[in-house]
Each structure stands twice: as C-alpha cells, then as structure tokens.
Amino acid sequence: MELDKQYNSRQVETKWYSLWETKGYFRPRSDRSAYQAPRPTDKDAGPSYVIVIPPPNVTGILHMGHALNNSIQDVLVRWNRMKGRDTLWVPGVDHAGIATQNVVEKKLAKEKKTRWDVGREAFLKEVWKWKNEHGSTITRQLRRLGASCDWTRERFTMDEGLSKAVREAFVTLYERGLIYRGNYIINWCPRCQTALSDEEAAHKDVQGGLYHIKYPIPGKSGPYEKMGEDHIVVATTRPETMLGDTAVAVHPDDPRYKHLVGKKVILPLMDRQIPVIADAFVDPEFGTGIVKVTPAHDPNDFAMGHRHHLEQINVMTPDGKINERGGVYKGMDRFDARKKIVHDLEALGLFIKRDSHLHAVGHCYRCDTVVEPYLSKQWFVKMQPLAAKALKAHEEGKTTFYPDRWTKVYLNWLGGIRDWCISRQIWWGHQIPAWHCEKCQAAGLVSRDSGNEEPKMSPKSRVPGSDGIIVAREKPSKCPSCGNTELQQDPDVLDTWFSSWLWPFSTLGWPAKTEDLKKFYPTSDLVTAPEIIFFWVARMIMAGLEFMGEVPFTQINIHGTVRAATGLKMSKSLGNSIDPLEVIEEMGADALRYSLVMLSAQDVYLSREKFEVGRNFANKVWNACRFVLMQLEGLETASTDPGQFKKVKLSLPSRWILSRLEEKAAMIEKHLAQFGLAQASTELYHFVWDDFCDWYIELAKPMTQSADPALKLQTKKVLFYVTERILRLLHPFMPFITEEIWQTFKQKAADAEAWPETIMLAGWPHEEENKFHNAEAQKAIGLLQDAVSGLRDLRIRYQIAPTDKLTAVIVCKEPGMIETLRAFEREVKVLGRLTELQCVSAFQKKGAMAASSFAAFDVFVPLEGILDPEAEKKRLQKKIQETEQWIENIRKKVENPSFAAKAPKEILEKEKEKLNDAKSLLVSYKTQLAGL
RNA sequence: GGGCAAUUAGCUCAGUUGGUUAGAGCAUCUCCUUUACACGGAGAGGGUCAGAGGUUCGAAUCCUCUAUUGCCCACCA
C-alpha cells in the first residue's frame, strides 16, 4: 500500500470516521474492553478525562464558532485519549425553546396558521416531527469535523432522562425555597410573546428621543388647557407608557420641587389626577428632575411603586398593543401610539420638545424585537444562595479560568446576580411541574403568588397545596388540600437554560445514581466561548454545587470569538459567514481544524484565505510522508522502538533531529497542558516544516543514497521513527490525514503487531521515553545551516544558477571548530551544490572572491569575472557600518558597571559572546574590504 | 457610566516570568519545474513595536496618562 500522489481528504475522512465510530474507539476505555490502551507505560494516564460539549442549538447548523470550539475540544480529547486516560466526551443538543418554536411557527405561517389555530398538542407534534427530521444536522456536521464524541451517549435536553432531571431540579429548588412565583417586571418580547431572562434581553445603544411633556397642576376648575403656566415638565423616552402613570416623582431634597410633594398633577390624555411623590431614586440632574412613575412598565418605577404603594396600571397587551386601559389608544401598536400621543399632546400644547437621546434598549436575543419591561406573573429562581456557593467554591480554588482575565468577569456577575426568570409563555420546552387547583385559588388561598411584594427568601407557607399550587415530580392525582381532582398544569415552560445548566450531570444519568455519574463526575475541562459565561458556565457551576455538591468541572477554557475579517461577529444574517462545511469540502477537515487552532490565541478574524495555512500544511505532511515511505522500500526493520538507536553510532543529522524531536515534543506537551493550543500547533508546524522537511529530509537524501549500507539503513530507520512520532504528535490536530498515513506506515513496520488498530489509541510520544538530547549536534547543525545559507546567499547575490559549478572554501576562524566543520563537509557540499569544498583554518585569498561571513567562519567562493569590486565594496562598507553600530550598542551595555553588577551571569555571558561574535564578523568584513 | 481586550512589516497575527541586531504566514519582487511537495524550494525588500511620560543596568514586554478600535456589563427616566 502506497499513498496516492494526491491527498483525497473527502474519501479519507468518511472512511476513517465511520470506522472509528463503529469500532467504538470514541467510547471510554472502560466501555471497550477489547481496545485497552496499548501502551500502559504512559506515565500520564491518570484520572479519567471528561468533557461535555456545549450543546448546540437543535435548530442550528455548524458555524465557525462551533467549528473552533469543537476543534479545540477534540484536540484535548484525542490528546488525553492518546495519553491513556479513560476519556469520555458526551455530545448532544439542546431544544432551544424559542428558536425552535419560531422555526415551526414560521412554517405554520406559510399556511396562514398560528400555533393557537392548531392547538398545543398538535403544535408540539409538529415540533417533534421537525426535530426528528432536521434536528441532527449539526451532529452530522460535527462528525464531518472529526469530533470524537461518544455518540452512544448522545443526549437531547428534551429526552426522557433529561426531562426527569429538569423536574427533579425544579422540585428540589422549590422545596428548598429557592423558586418562587410572583408579579414582577420582566423583559417581555411582544413578538415571541414570552418573558425573557435578563441575559436574554441584549442591550443595544439606540438613538432615541427624550420627550419633554407638561403635566398640568390642577387649579380651581376647568380643563387643563386653561391652566396657563401652572404645570410641571417630565422627561421620558417612552411617552406611550404615560397612559399607565400613577405618580410623578422628585428627589426629596430638590428645592425646586419640594413644595409640590404631596400635591397632585393632572395626567394629560387620561385626565387622571396623580400624586407627586418624593423618592431618592430620582436624579435631580437628569432631564427636568421630575420622573413620571409607571409601575407596570418600568423596573425602577415598579420598585418606587412598592415604596409608595402605588397602583400598577398595565396598559399593554402581550403583543405590544395598547389595551383597554389605554383609553382611546386601545388597539394601537406601542410605537404607533407613541407617535399619536406626541401628536395629541402637541395639539393640546403640552408637548415641549424631543431631544435626541442615546440610550440602551433591550432587544430579544432570538428575534431582535425591542423588549418591553412588562408586569406579569412569572416563576423565578432565587439566585443569591446559589451564587454564594459558587463564590465559595472559587475561593477554595475549585474553579480556574483560562485565560485568567475571565475570572473577574465571572465573579462580578455572581456578585451582582439577580433572580432568574425561568418561565416562558411558549409551548416547546419542559412544562413547569406545577399544578393549579382552581378551587383553592378561588377560595382565596393565594398568598404565595399575589405579587406586589419583594421576593422573600422563605415562602410564607410550605404546606403543599395551601396556595392552590402543587409542585411535584409527577402529576398529582388530587389536590392535597381540598381533594379536587381537576388540576391544571401550569401552561408555561421553562427557560431552555434551565435544562442546560444541569448538563454535566444530567447527561450522565442524574438524578439516578448511575455508574457513569460515579465515574465521570465531576468532569475535567469545559471549553467554550465567552458569550455564554453567564448563560451557561456560571449556571452550570451553581447547579453542580446545588444538586451534586461539587463543581461540575475545575478548568474552564474560554477561547476567542470567531469574527469576520471586518471585525463583526460572524453571522448568517449579516451575510459575512464562512460555512465550515464548504471549507471542509474544499480543503479538508484537517486543514480547517489546524487553521482554526493556530489562530485561536485570541479572537479569530476569519477570511477564506486563512484556511490555506492548514491546507498547505496538510499537503506538506502528506508529501513528506510519501517521501519517507518511498525510502522504506525493501526495508524490513523499521520500528518505533527508541532502543534501536542505542548501540548505533548515528550520523550528525540524525542525532540532531532526534534531539529536536524530543525538545519540541516536550514543548508541545507543556503548551497543551495549559490550553496553549495555538502555541502548540505553531511549534509543531515549524518543527515539521522547517526542521524536519527543510533540513532533515534534505540532509537525509544523500545519506539514503550512500554507499555505506549502515548509514543508509540507520537513516531510513530514523526517518521512519521520527515521522511516525510526528504523526502521533499531529493526530489530535489532524486526525484524518495522520490516521491514513499511519496505517500505511504500520504495514511497513517490523513491530506492527505491537501497534494498536488505530493511531487514536497509539500512545502520546512522551519526551521522557527516550534520551536523545544532544546539544553538540544542535550546535553543529546550526553551523551547517549557516554554511549552506551562506552559499545560497552567494549564489543569489551573484546570480549563479543552481546548476552552475561552484567551489568553496570554508575558513574557520574559531580554533577547535575546524573538526566540527569538517564533520559535515559532505552535507554542505551536497546542499550547497558544490563540486568542491575545502575546510581550512588559514587562507590566502587568490583572485576575485566573495564571502559570506559568520562569527565562526567565512565561506569563500571564487567569482572570477563576475565580482563587481565597486558593488562589493559598497556592500562591505554598509556591513561594517552596521556591525560597528552593533558592537557599540553591546559595548555600552556590557561596560556599564550596573549591568555587570545586576544582570544575571547568564545574560552577561551571552552579551560577551555576542560582542566577540560581532568583533569577529567585523574583522572578516574589514579583511575582505582590504583585499578588494 | 463601569469593566475588559487590542494597537508590532502592505495585510493577518506570534512574541513565553523584562535580556536575540524585533519574528512568522499571506502579499510584493528575484531566482529555481533538482525524481516528497509549485498547496513547493532558495533569497530579497519592508517595522521609531499607536503617542507621551515613568520604573530599570536593560522595556514591544512592567506602571501612569492620552488616542483610536472592538467587546462585555449597567434600571438615570
């Protein structure tokens, strides 16, 4: 079996993925006894390694953010799996309540139907049908990416087990007094017609208006247009809410208005008298210093209403129209009503002006409609007690964020946490496990949810049913209070995140005490984007502590956001997205993954060209391996055993590459251990490309053609050994191409029976497995590289074609170095394409020659008839000038007494060495100039 | 209003706890179809490391301020 000349990513990817999956390689080791890790020597095989996928939205398709997130996770999972740890990656999707419902509602709208037309049951059937037909798009796409999830454990937030977990969590919190119901101002989306949590109302700066309106002060009698100057002025951004005003407020210490407190003003258009109250919330500096108070339509006013026992007048319908309490404006859309009201006020002479005003307005995160602060009865989770546990866990060092700066963001949010509105007035989701007893409610036993009260830590009564609401895990047969069997389940469903926050343990079987839960909880790492720290990460930590008594994961890796090259967030609606699947089709999943990971050091600004790095690299790897395979023709003894080189006197390049491999593997390991995937992949890229391909393979070529059979053999063995290890180092990043190549390598290996079935289960090359470190070899190859570069430079400088004959003399300036130079004379001759090469320690220049100079040596080539003395003179003068400047700089540094006194010895040595090198160079240049 | 990032070559970005004559990829230019690879090889040009102060023997790196950009949070109507 040989590798095709062209790498066919499509074919390779589908072939290997289905094989991996069907053979069960993605499952934890403990689940696949037939495939035990083949290398028990792995020192890092420690506790199990578990991560949970951030469940993507069931309506979603794979976008670049997912591709990045899952590439990173897959690198970590594959790396840990190779290290021999019992590894589990649980995949799944969430039901995305509002988003999914919207999709199906849109479908219905095409038939000119609404969900109310078809009814709840039939509608839910439709949603399930949609889910079953389209809900697996994203998981199919994750497979294309190569994500090595254990699909046998795939979960859906609405499946039976997770629904049970949701009910368990809800009831438990209720019993602990951490769930309450009440009338409060929440964010209401008039389009989706549901409540939203604070996190779901995205604030955006909007250029709006600040409307100044006169509220007349009533005189003796008569209509207010005759009140003359007797009025106050309020400023508001939402004039339409004035229909529900029940007071105006001033600051208690504001001298301008002190006399008004306790008096009444007339609410225009509604002709109601409302009181002037004093409240410290009012900022005398803002606007006119007078605020209209609308307790049913503004959270601040709501609070103020509480303090002053004001009536709450809700003037809006759930779909954002003015209701019957809005008088003549009834039935108008809120924004139309705003215009009409301003117009009417103008007509009455009560409208003063509209100032342009920039302010933050909440928008529905699903449909971008302006949300309305709206008074309604909702279910809430009391968050402070949960947050307190999370804060304590952090103090105890149980949660660590990478990079660290996110810690503060997380802690700040926890510190200022507000209660979580969890009920949604939609149908797709977990229906709230609460049942209403209409008899009890009619009897007036509704103490718990009467609203108009600040939420209490402990409800007044815990006796089930006493308030007409029964919260239970399963539907109760009758009301425990009155025996009524006609119980109605609360129609609302729970926020989708109420199921997502249980994900780390609900997917492992909770509330049942399963083996998985015992073995795999808490999980190891969480990898996610910063956008969902509040939505998901913080809440998972709180849920883990509350329900499991333990944080769900200890390391939280927050990676960058994927953005389009323009800097905007990538999104389909903006038309600036790049479809990862297209990139996979075009360049391969490995290319996509490698490019993304290399760029992931911070926010990722993407354009299509950026994936060329990965594509080119994959191609490079493929071809380098093809070359190595060609060398293995007829070789029977290729093996992965490091011991094979113990008794062999290896060539200098081989000693060098083995030393580099060891060094780089250690560095890559170090980076991976601290989520430095970008650094790790970059190191690997340069090692493979620069060290291995550009130098070692080039150096190896002549050796594999050598007349010396021993040299020939050992070189091929080293090529095989190093390449096989490179494949394993690359595998977490490029799973497909490495598997494909590795399998062909396996067929050439003498120790193939010791190889596992897949590279996935081959051990991770550990730097301590062998001891190839060799400083001398590294130094010598450094000199070799200089010599070869010097020759290439000379060829280019004087336009000598590569095919032209060239001889050279290397003049060693450093005593003792001559032996080293002679040691690789042959290699320099080949790489420099020389017909002849001499290494000498003293040299008398004859005829026209030019040189490349280095600290340790000069490389001379004869250039009879080519050398232009004038140009050469100029070049050398420039070099001399540069070098003198350099020497001057170092000298200044070295001769500074403070430097000598304070700098570490190492640095001092280094600087002195540099100075000597520079001086040596200068001598070379000057000698050359003199000889012209 | 508060907070966090970013600002380094034409473009996109690296730059580890302060110590290389500041790097890479792409783009540009020159040369090379040498039997792994033109998705390649060998070279070249190109930067006062946003600006100003400060700490230090030494600053792209640490501190302060300023400017520009982006993001997150926030109940001043």
Side-chain angles (χ1 to χ4, degrees), chain A residues 3 5 7 185 198 203 210-211 234-238 241 249 281-283 285-288 290-294 298-303 357 359-360 362 373 405-406 408-409 412-413 416 530-531 533-534 561 563 565 567-569 587 591 598-599 601-603 605-607 609-610 612-631 667 670-671 676 678-679 682 685-686 690 693-694 697-698 701 788-789 792-793 795-797 799-803 833 882-883 885-886 889-890 892-894 896-904 906-908 910-911 914 918:
Chain A
L3 296 179
K5 175 134 197 205
Y7 172 57
I185 298 274
D198 292 329
H203 286 267
L210 187 60
Y211 300 80
V234 301
T236 179
T237 52
R238 294 187 295 152
T241 63
F281 166 78
V282 180
D283 177 4
E285 304 294 316
F286 188 88
T288 58
I290 307 180
V291 189
K292 61 191 264 317
V293 183
T294 324
D298 183 277
N300 298 311
D301 295 5
F302 177 78
H357 180 62
H359 61 147
R405 73 187 128 95
W406 295 107
K408 220 162 85 183
V409 176
N412 280 345
W413 187 77
E531 288 93 345
I533 291 180
F534 307 140
T561 303
R563 298 209 156 79
L568 289 167
K569 215 182 253 186
M587 307 193 186
M598 270 183 102
L599 289 166
Q602 51 177 255
D603 281 2
Y605 291 79
L606 282 181
S607 58
E609 305 81 66
K610 296 220 172 170
E612 287 171 12
V613 183
R615 180 198 60 182
N616 294 355
F617 186 50
N619 181 258
K620 190 75 181 174
V621 169
W622 180 260
N623 281 297
C625 292
R626 254 177 10 102
F627 170 79
V628 173
L629 271 170
M630 288 162 137
Q631 303 306 315
M667 212 176 279
K670 203 183 100 198
H671 286 308
Q679 292 90 325
T682 307
Y685 177 94
H686 287 292
D690 303 347
C693 293
D694 287 348
I697 286 186
E698 292 312 313
K701 277 176 183 171
V788 174
S789 301
R792 286 170 177 166
D793 179 35
R795 271 191 193 271
I796 297 267
R797 228 156 70 205
Q799 311 218 333
I800 303 159
T803 43
R833 298 178 167 277
E882 279 172 14
T883 313
Q885 184 61 50
W886 182 28
N889 289 343
I890 307 172
K892 246 192 252 166
K893 208 183 209 179
V894 176
N896 186 326
S898 310
F899 175 72
K902 291 183 185 174
E906 272 178 27
I907 303 294
L908 195 67
K910 238 189 199 168
E911 291 295 329
K914 256 196 297 189

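The analysis underlying the following values was restricted to heavy atoms, covering all of them including side chains, and did not include hydrogens, waters or symmetry mates. Proteins get letters first, then strands, A, B, ... in listed order; numbering begins at 1 in each.
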*How many Å lie between CG on A:L908 and P on B:G58, as a whole number?*
15 Å
*In Watson-Crick or G-U wobble terms, both distances under 3.5 Å, what is the partner of B:G70?*
B:C4
_What's the gap between B:U30 and B:U35 when it is taken at their C1' atoms, as a whole Å value?_
26 Å
*Mind running side chain to side chain contact (heavy atoms under 4.5 Å, CB included) on A:M667 and A:Q679 for me, showing each step along the way?*
CA-CA 9 Å; A:M667 212 176 279; A:Q679 292 90 325; over 6 Å; no
*Between B:G46 and B:C37, how far apart are the P atoms? Round to whole Å, please.*
34 Å
*Give a yes/no verdict on a cation-pi contact between A:K701 and A:F627, requiring under 6.0 Å between NZ or CZ and the six-membered ring centre and an angle within 45° of the axis.*
yes
_Any heavy-atom pair between the side chains of A:R615 and A:E612 that's under 4.5 Å?_
yes
*When all nucleic acid strands are considered with a 4.0 Å heavy-atom cut-off, which category describes A:K292: base, sugar-phosphate, or nothing?*
nothing
*asked:* Please report the distance separating the C1' of B:C62 from the corresponding atom of B:G18, rounded so that it comes out in whole Å.
replied: 7 Å
*asked:* Counting C-beta onward and ignoring hydrogens, is there a side-chain heavy-atom pair between A:L3 and A:L629 closer than 4.5 Å?
replied: yes
*Using the C1' atoms only, state how far B:G41 lies from B:A60, rounded to an integer number of Å.*
33 Å
*Span that lies between the C1' atom of B:A6 and that of B:A50, in whole angstrom*: 11 Å
*Hey, which sits more toward the 5' end of RNA chain B by its nearest nucleotide, A:T682 or A:R238?*
A:T682
_With a 3.5 Å limit on both atom pairs, tell me what B:G40 is paired to, counting Watson-Crick and G-U wobble, or say none._
B:C32
_Need one value for A:D283: base, sugar-phosphate or nothing, where a base atom within 4.0 Å counts as base even if backbone is also close, heavy atoms only._
base
_CH2-CD1 distance between A:W406 and A:I533, expressed to the nearest 0.5 angstrom_ = 5.0 Å
_Base, sugar-phosphate or nothing for A:T236? Non-hydrogen atoms, less than 4.0 Å._
sugar-phosphate
*If we only count heavy atoms from C-beta on, is the A:F617 to A:M598 side-chain gap below 4.5 Å?*
no
*P atom, B:A44 versus B:A59: distance in rounded Å?*
29 Å
_Euclidean distance for P, B:G15 against B:G23 (whole angstrom)_ = 15 Å
_Euclidean distance, A:I290 CD1 relative to A:T236 OG1, rounded to 0.5 Å_ = 13.0 Å
*Nearest whole angstrom, please: distance from the C1' of B:G2 to the NZ of A:K408.*
11 Å
*Which nucleotide in the set B:A74, B:G19, B:A77 lies at the smallest distance from any side-chain heavy atom of A:K893?*
B:G19
*Any donor-acceptor pair under 3.5 Å from A:N623 side chain to A:N619 backbone*: yes
*asked:* Using 30° and 60° as the class boundaries, would you call the ring planes of A:H357 and A:F286 parallel, tilted or perpendicular?
replied: perpendicular
*B:U56 to B:G51 separation - P atoms, rounded to the nearest Å*: 23 Å
_Within the 4.0 Å heavy-atom criterion, would you say A:R833 contacts the bases, only the backbone, or no part of the nucleic acid?_
base
*Using purine N1 to pyrimidine N3 plus N6-O4 or O6-N4 for Watson-Crick, or N1-O2 and O6-N3 for G-U wobble, each under 3.5 Å, what pairs with B:G25?*
B:C11
*Figure out the NZ/C1' separation between A:K610 and B:C26, and round it to whole Å.*
10 Å
*Classify every nucleotide of nucleotides 35-49 of chain B by which part a protein heavy atom approaches to under 4.0 Å, writing B for the base, S for the sugar-phosphate alone and - for neither, in 5'-to-3' order.*
-BB-BSSBS------
*May I ask you to say what A:V613 touches in the nucleic acid, namely base, sugar-phosphate or nothing, with a heavy-atom cut-off under 4.0 Å?*
sugar-phosphate
*With sugar-phosphate meaning primed atoms plus P, OP1 and OP2, does A:A249 contact a base, only sugar-phosphate, or nothing at under 4.0 Å between heavy atoms?*
nothing
_d(CZ, A:F899; C1', B:G18) in whole Å_ = 13 Å
*Separation of atom NE2 in A:H671 from atom P in B:A14, rounded to whole Å*: 14 Å
*Within this structure, what is the NE2-to-C1' distance between A:H686 and B:U16, rounded to whole angstrom?*
15 Å
*Which whole-number value in Å describes the distance from A:W413 CH2 to B:C4 C1'?*
18 Å
*Rounded off to whole Å, could you give me the CZ-to-P distance for the A:F286 and B:G1 pair?*
13 Å
*Describe the nucleic acid contact of A:P904 in one word from base, sugar-phosphate, nothing, applying a heavy-atom distance below 4.0 Å.*
base
*Between A:A801 and A:H359, just flag the one whose closest nucleotide in RNA chain B comes earlier from the 5' side.*
A:A801
